[in-house]
**Student:** 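Here it is: the structure, laid out below.
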Amino acid sequence: MAPGPLSRPTASSDSPTASRDLHSAQLQTRSPNSLFVMLVFVDRIRAALTEATGLPSDQIRVEQPRDAALGDFAFPCFPLAKVKRAAPPAIAAELAGELNANLPGIEAVATGPYINFRVDRTLLATTVVESILDQDSAFGTSQEGAGKTIVIDFSSPNIAKPMHVGHLRSTIIGASIQRMHDALGYKTVGVNHIGDWGSQFGKLCAAIARWGDELDLDNDPIPALLALYVRYHEEEEADPSLADEARAAFRELESGAEGKIRDTWKRLTELSLRELNKIYERLGVSFDLIRGESFYESMLDQTVERIESTGITSISEGALVVDLSEFDKKLPPCLLRKTDGTTLYATRDFAAVFHRWEEFAFERCLYVVAAQQKLHFRQMKIVLERMQLDWVERVEHIDFGMLRLGEGKMSTREGKIVFLEELLDRAVSEARTIVSEKNPDLAKSADVAEIVGIGAVIFHDLKKERIKDVVFDWNEVLSFEGETGPYVQYTHARLASILRKAEALGEGGAEADYSRLDEAAPILLALGRFPDVIRSAAQHCEPSEIAQYLLSLCRETSSWYSRERVLGQEPSLTAARLSLVRCAKLVIGKGLQLLGVVAPDEM
RNA sequence: GCGCCCGUAGCUCAGCUGGAUAGAGCACCGGAUUUCUAAUCCGGAAGUCACAGGUUCGAGUCCUGUCGGGCGCGCCA
């Protein structure tokens, strides 16, 4: 491809989309009373501390001890040292006694300058397990976002180009952010702002006008289009008249005139969308709206007029711009119209954001777009600010790091590229090999291989903080051991297997004795944190928080079930452990679903 | 040149609004399977948290500077 940019340049050098159904059997957002389990304990501790210290409860920070052996929660006494004019360890020792009297079921122990709290194991197990079983699939969800709308612009590839690994990030991250907000009761609108407009399509239409007869667009059209695009670029260098032709074609397109150019463009869009959807389907991604830049075509004039009417525009070197240098000397101007009168990326983004505001009155409008475009969004926000729109703050660029293939940027032209389809195919094929090795008798092994292969790819992309750059490495993506998606899926499958066996053996009917789950305290504490994790991840738009949480939960769980046997114990013990298994499976499954990874019951 | 982002074990990464001896995975060494999937678990070895200052009772975490890497800087998207 061309050296050119993508619609929303992905984390590489090009860009495209997906959705949330397959996977998202959307979180049901019920249970308005859904208690944040750990909050039950933390609130009590905080209240007791308020009582004992006189500090306002919002100033009391209850944290987790470094070492879990110390306790479940901790309160550092340093801030009290000044007020009380005593050494922190002395304060801790003094407070511990008082706290113990006021916190039935929670033990307070002074350790140096800290007070560590340990919840009674039976109380912990009962509270967490019952809370989860009670809320079932609604566990972790809430209604805190009810009545608020979040618009999420993600994936947004350019049409007429193949999707490559660089397009994965926006798609996967955006879809996950949408699911997290769904879980919190927000109304979410996932928008695929596909790149179906701009001078590049002038080029493509001109190319088709010249050589289109040689094309077979019905079968596998994208590579053919790509070749055409590249050819146009090459010949353009020798013959500058091609550039004029392309410009003329885009001008005609943007004029709205019906005719050959417009027909060609329509056909391109349809063909491309069909291809894109194949990938989205495999990734389990869907959109509420597929609105390309062309959707805003009819609004461009009024958009420019609207900005002009606020008096902040000017003409610079023949182009219509908003000068930003008085705001920040370092900032280049924002271009709204080229010398030839046509619009730019920014113009269309303004049209889109105005339209979205009018349609949705969003709480937040998130742009899941590569960090490379920081300047673009910064300029956009400053223009909105200068227009004195009071909703500027709701517009946020959710940026993420670039994906590179070893040296330098990806370049379709130079063949330095990994196509998305190839990546998915290889991952699935690798999964197929491993499935047949590890579990030759598995019934639906082909389905499982698809789930595991794709799961590995998605999880790999989401486990790191999104701002970090990624150097693409086949060995890393195709790894199914250690901190990977398949590891989490495997943990889920084994828990499912235990439940299946219990069912078959008719075990678990007895009344559970939760006092027997003390060995599982780390798991219970982790399970109880889940609702908080979702909330935090959504607020930060950071799927890696969920991925990291799942890894640590799975570590605890795997370690536990390698030590403790569930089936065939005393009935009350088996029942208690089965309940724990049920809870862990539920949370792991739900966490994976938020990431867009399918949780298999067997693999 | 200017601006933004990143810099934690050999490699890839965690480390919540600054808090108690910096945690995982991979790779390496050594163990665990007549019982719920060994895609697993347990143990060992491995770090001057890029460097230098500063703020603080306390800094991997905040501030400044330096170095290294990435990205961006008007008629592309």
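The figures here come from the full heavy-atom set of this structure, side chains too, leaving out hydrogens, waters and symmetry mates. Below, read A as the first sequence line, B as the second, and so on, with proteins coming before strands; counting in each chain starts at 1.
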**Student:** If only atom types and distance count, is the side chain of A/Arg169 paired as donor or acceptor with the main-chain N or O of A/Gly401 below 3.5 Å?
**Tutor:** yes
**Student:** Taking atom P of B/rU12 as reference, at what distance in whole Å does atom CD of A/Glu465 sit?
**Tutor:** 16 Å
**Student:** Please confirm whether the backbone N or O of A/Trp265 pairs with a side-chain atom of A/Thr269, one donor and one acceptor, at under 3.5 Å?
**Tutor:** yes
**Student:** Describe the nucleic acid contact of A/Leu70 in one word from base, sugar-phosphate, nothing, applying a heavy-atom distance below 4.0 Å.
**Tutor:** base
**Student:** Going by an N to O cut-off under 4.0 Å, is there a salt bridge joining A/Glu236 and A/Lys203?
**Tutor:** yes
**Student:** Taking any heavy-atom pair under 4.0 Å as a contact, classify A/Arg500: base, sugar-phosphate, or nothing.
**Tutor:** nothing
**Student:** NA contact type, A/Ala493, heavy-atom cut-off 4.0 Å: base, sugar-phosphate, or nothing?
**Tutor:** base
**Student:** Can you tell me how far P of B/rA20 sits from CD of A/Gln64, to the nearest Å?
**Tutor:** 13 Å
**Student:** Would you indicate, yes or no, if B/rU37 has its OP1 or OP2 atom less than 4.0 angstrom from a side-chain nitrogen or oxygen of A/Lys501?
**Tutor:** yes
**Student:** At less than 4.0 Å, is any side-chain N or O atom of A/Lys464 found next to OP1 or OP2 of B/rC13? Yes or no.
**Tutor:** yes
**Student:** Is there a Watson-Crick or G-U wobble partner for B/rC28 with both distances under 3.5 Å, and which nucleotide is it?
**Tutor:** B/rG44
**Student:** Hey, does A/Pro332 reach any base, or is it just sugar-phosphate, or nothing, if we go heavy atoms under 4.0 Å?
**Tutor:** sugar-phosphate
**Student:** Hey, is B/rG74 sitting syn or anti, using the within-90° cutoff around 0?
**Tutor:** syn
**Student:** Heavy atoms under 4.0 Å, any strand shown: does A/Arg378 hit a base, just sugar-phosphate, or nothing?
**Tutor:** nothing
**Student:** Given atom CE of A/Met380 and atom P of B/rG72, what is their separation to the nearest angstrom?
**Tutor:** 19 Å
**Student:** For a quick check, tell me whether the side chain of A/Asn475 and the base of B/rA27 share a donor-acceptor pair closer than 3.5 Å.
**Tutor:** no
**Student:** OP1 or OP2 of B/rC75 less than 4.0 angstrom from a side-chain nitrogen or oxygen of A/Thr339, does that happen here?
**Tutor:** no
**Student:** Over all strands shown, is A/Ala371 touching base, sugar-phosphate only, or nothing at heavy-atom distances under 4.0 angstrom?
**Tutor:** nothing
**Student:** When you compare B/rU55 with B/rG25, how far apart are their C1' atoms, in angstrom units rounded to a whole number?
**Tutor:** 36 Å
**Student:** Want to settle it: does A/Trp197 or A/Lys82 sit nearer the 5' end of RNA chain B, counting the closest nucleotide to each?
**Tutor:** A/Lys82
**Student:** I'd like to know if the side chain of A/Asp196 reaches the main chain of A/Ser294, judged simply by a donor and an acceptor atom lying under 3.5 Å from each other, with no hydrogens or angles considered.
**Tutor:** yes
**Student:** Give one of base, sugar-phosphate or nothing for A/Ala502, where a contact means two heavy atoms less than 4.0 Å apart.
**Tutor:** nothing
**Student:** Considering every strand and a 4.0 Å limit on heavy-atom distances, what is the contact class for A/Ser199: base, sugar-phosphate, or nothing?
**Tutor:** sugar-phosphate
**Student:** Using heavy-atom distances to pick each residue's nearest nucleotide on RNA chain B, tell me which of A/Gly198 and A/Ser558 is more 5'.
**Tutor:** A/Ser558
**Student:** If I take atom CD in residue A/Gln200 and atom C1' in nucleotide B/rC75, what distance separates them, rounded to the nearest angstrom?
**Tutor:** 15 Å
**Student:** Which part of the nucleic acid, if any, lies within contact of A/Val581, taking any heavy atom under 4.0 Å across all strands shown: a base, the sugar-phosphate backbone alone, or nothing?
**Tutor:** nothing
**Student:** Round to the nearest Å and state the distance from A/His397 atom NE2 to B/rC71 atom P.
**Tutor:** 16 Å
**Student:** Ring-plane angle category for A/Trp197 and A/Phe250, please: parallel below 30°, perpendicular beyond 60°, tilted otherwise.
**Tutor:** perpendicular
**Student:** At under 4.0 Å between heavy atoms, what does A/Asp349 touch on the DNA or RNA strands: base, sugar-phosphate, or nothing?
**Tutor:** nothing
**Student:** Indicate, with a heavy-atom threshold strictly under 4.0 Å, whether A/Tyr487 touches base, sugar-phosphate, or nothing.
**Tutor:** sugar-phosphate
**Student:** Checking the side chain of A/Thr574 only, and the main-chain atoms of A/Val566 only, is there a donor and an acceptor separated by less than 3.5 Å?
**Tutor:** yes
**Student:** With heavy atoms under 4.0 Å as the rule, sort A/Ser316 into base, sugar-phosphate or nothing.
**Tutor:** base
**Student:** Ignoring backbone atoms, establish whether A/Lys463 has a side-chain N or O less than 4.0 Å from OP1 or OP2 of B/rU12.
**Tutor:** no
**Student:** Is the distance from OP1 or OP2 of B/rC42 to the nearest side-chain N or O of A/Ser559 less than 4.0 Å?
**Tutor:** yes
**Student:** Is the shortest side-chain N/O distance from A/Gln372 to OP1 or OP2 of B/rG72 below 4.0 Å?
**Tutor:** yes
**Student:** Could you tell me whether the phosphate oxygens of B/rA39, OP1 or OP2, come under 4.0 Å of any side-chain nitrogen or oxygen in A/Lys438?
**Tutor:** yes
**Student:** Describe the nucleic acid contact of A/Glu564 in one word from base, sugar-phosphate, nothing, applying a heavy-atom distance below 4.0 Å.
**Tutor:** base
**Student:** Quick one: A/Ile434 CD1 to B/rA38 P, roughly how many Å, whole number?
**Tutor:** 16 Å
**Student:** Just by modelled atom types, is the A/Leu268 backbone N or O under 3.5 Å from a matching donor or acceptor in the A/Ser272 side chain?
**Tutor:** yes
**Student:** Please determine if a side-chain N or O atom of A/Arg494 lies less than 4.0 Å away from the OP1 or OP2 oxygen of B/rU37.
**Tutor:** no
**Student:** Can you check the A/Gln379 CD to B/rC73 C1' distance for me, whole Å?
**Tutor:** 9 Å
**Student:** Atom CG of A/Leu505 to atom P of B/rC36: distance rounded to whole Å?
**Tutor:** 12 Å
